[in-house]
Amino acid sequence: MTDVPATHPRYASLRTRDAIVAGVERGVTSIHGLVAHGRGEAFDYLLGERTRDFAREAIDAAAAMLVTARRPVVSVNGNAAALAPGDLIALAAAVGAPLEINIFHASKDRERAIRSHLLEHGAPDVLMPTAHAVLDHLDSNRRFVHPNGIHAADVIFVPLEDGDRCQALVQSGKRVITVDLNPMSRTARTATVTIVDNVTRALPLLLERVSARRNDDAPQALLDRYDNGQVLRAAEIALRAG
Ligand code: PTJ
C-alpha cells in the first residue's frame, strides 16, 4: 500500500487507487480496469468526491427496486471486486441475491481469481458464466451468463457496467441498477436506475437504505415517482458547474 498519512487531503482517493492496483496484481482486475478507474476518478474529482443529492435519490430507488425484486442478482466485474468485495457480498445477502461474475475482457483465469477473492471475503457461493445461457442482443464475453442467475433475473445490480450489456439486459425486459460516475455514458442513460457516485461510497449507503426499506410499506410508490432522466440531468448540471 502507498505510504500516505491519513491526514493527506487525497487519502481516500489514493487508498482506492491502491485497491485497484492490488486487484490487478492479484489477477482480479484487468489492466484496462486501471484506465476505467482513471476516468472515474476524473468525474469524481469534478463532483467534489462526495455523494450528491441526485445519487441519494437514485440509491433510495435502487433499494426499493432490490427489496421488491423477485429474482435480484448482483453482477461483479474486476473493478467492483477489487474496490468493494465486502459490500457487494453484504448487499447480495441483504436482498437474497446470488453474486454472479460477469466480465467484459474475457479471461477464465480472471473469472476464477474473482471467485476466489469473493469466497475469501466471505461469499457463501458465486455463480460463474456458462455457455448454457446466453443473453440476446449482445456479442461480447458478457453474453455468457448463469441460467439461475442473470439469465433468470428480473433486477440486476451492475456497478461499472459497459453500455452494450446494459442495453441488452434492458432489451431483454430486465431492470438494471448501475453505479457510474459518468452520467453521460451509455450505461448511465440506458439503466433503469443510475447512481452517479463512486461505488465505494454508494454501496454502504445502499446497504443502509435496503435495511430501512425492509420496514417500508410503499417501495412501489417511490419507484413510480422516480425519474432517472431527472437524476441524470441534475448530475450533469453538477458536473458542468464543477
Ligand atoms: O472486469 P471487466 O473485464 O468486466 O472490466 C471492467 C471495466 C470497468 C474495465 C469495463 O466494464 C469497462 O471498460 O468499463 P467502461 O466502459 O470503461 O465504463 C466504466 C464506467 O465506470 C466509466 O463510465 C467510469 O467513469 C465509471 N467508473 C470508474 N470507476 C468508478 C466508476 N463509477 C463508479 N465508481 C468508480 N469507482
Side-chain angles (χ1 to χ4, degrees), residues 23-24 26-33 35-37 39-40 62 65-66 68-85 88-89 91-93 95-119 121 123-180 182 185-195 199 203 228:
V24 173
R26 242 182 254 135
V28 162
T29 308
S30 100
I31 195 88
H32 308 87
V35 181
H37 186 77
R39 182 155 50 154
M65 194 169 277
L66 284 165
T68 53
R70 275 181 304 102
R71 295 189 74 151
V73 169
V74 174
S75 177
V76 184
N77 68 18
N79 283 51
L83 292 179
L88 289 167
I89 294 164
L91 179 67
V95 300
L99 291 153
E100 178 168 340
I101 295 171
N102 188 275
I103 62 176
F104 180 68
H105 301 285
S107 158
K108 287 287 158 213
D109 284 350
R110 204 153 58 79
E111 285 170 4
R112 280 191 286 270
I114 297 172
R115 181 168 187 274
S116 306
H117 185 63
L118 292 173
L119 293 174
H121 277 84
D125 194 15
V126 179
L127 300 182
M128 299 293 274
T130 71
H132 313 302
V134 176
L135 288 178
D136 291 334
H137 320 290
L138 194 60
D139 296 326
S140 77
N141 183 61
R142 291 195 135 171
R143 70 186 186 280
F144 298 112
V145 291
H146 194 285
N148 301 327
I150 290 172
H151 198 257
D154 60 336
V155 173
I156 310 180
F157 179 73
V158 277
L160 282 78
E161 174 61 317
D162 78 281
D164 276 2
R165 183 173 67 140
C166 187
Q167 207 161 11
L169 291 170
V170 170
Q171 278 175 350
S172 304
K174 299 176 191 299
R175 288 178 295 165
V176 176
I177 302 164
T178 195
V179 185
D180 191 333
N182 177 6
S185 76
R186 199 147 48 93
T187 298
R189 293 182 177 275
T190 314
T192 323
V193 173
T194 307
I195 302 167
V199 71
L203 269 169
N228 205 47

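For the numbers below, each heavy atom of this structure counts, side chains included, while hydrogens, waters and symmetry mates do not. This chain uses plain numbering: 1 for the first residue, then up along the sequence.
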Requested in this report: Applying side chain to side chain contact (heavy atoms under 4.5 Å, CB included), run through T130 and F144 and close with a yes or a no.
Outcome: CA-CA 6 Å; T130 71; F144 298 112; over 6 Å; no
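Among the candidates I195, V74, V158, T194, the single residue satisfying the side chain to side chain contact (heavy atoms under 4.5 Å, CB included) test with I177 is I195. Between R175 and the options I156, L66, V193, D154, a side chain to side chain contact (heavy atoms under 4.5 Å, CB included) holds for only D154.
Not one N or O on the side chain of K174 forms a donor-acceptor pair closer than 3.5 Å with the backbone of A168.
When all heavy atoms are compared, the tightest approach of V76 to A81 is CG1-CB, 3.7 Å. Here the shortest heavy-atom pairing between S30 and H105 reads OG-CD2, 3.6 Å. In terms of heavy atoms, A82 sits closest to V28 at N-CG1, 4.2 Å. Nearest heavy atom pair, residue P72 against residue G96, reads CG-O, 4.5 Å. Taking both residues in full, the closest heavy atoms of A191 and N228 are given as O-ND2, 3.4 Å, listed atom of the first, atom of the second, then distance. Residue A113 comes nearest to R26 through the heavy atom pair CB-O, 4.1 Å, listed as atom of the first residue, atom of the second, then distance.
The OG atom of S140 sits 7.5 Å away from the CG atom of N102 when rounded to the nearest 0.5 Å. For the atom pair T29 OG1 and H117 NE2, the distance stands at 7.5 Å (nearest 0.5 Å). Note that CZ of R115 is 11.0 Å distant from CG of L99, once rounded to the nearest 0.5 Å. K108 NZ to N141 CG: the interatomic distance, rounded to the nearest 0.5 Å, is 6.5 Å. Here the CZ atom belonging to R143 is positioned 11.5 Å from the CG atom belonging to D136, to the nearest 0.5 angstrom. Distance check: I103 CD1 to N77 CG gives 8.5 Å after rounding to the nearest 0.5 Å.
Residues P159 and L83 are not in side-chain contact: their nearest non-hydrogen atoms beyond the backbone lie 4.5 Å or more apart. Annotation: side chain of L169 is in contact with side chain of E161 (closest heavy-atom distance under 4.5 Å). Looking at H137 and Q167, their side chains never come closer than 4.5 Å, going by heavy atoms from C-beta outward. By the 4.5 Å heavy-atom criterion applied to side chains, S75 and R165 are counted as neighbours. Between C166 and R186, every side-chain heavy-atom pair lies at or beyond the 4.5 Å cut-off. Looking only at side-chain heavy atoms (C-beta outward), F157 and L203 come within less than 4.5 Å of each other.
Donor-acceptor pairing under 3.5 Å is lacking for the side chains of T187 and D180.
A salt bridge does not link R142 with D164: none of the charged nitrogens is closer than 4.0 Å to a carboxylate oxygen.
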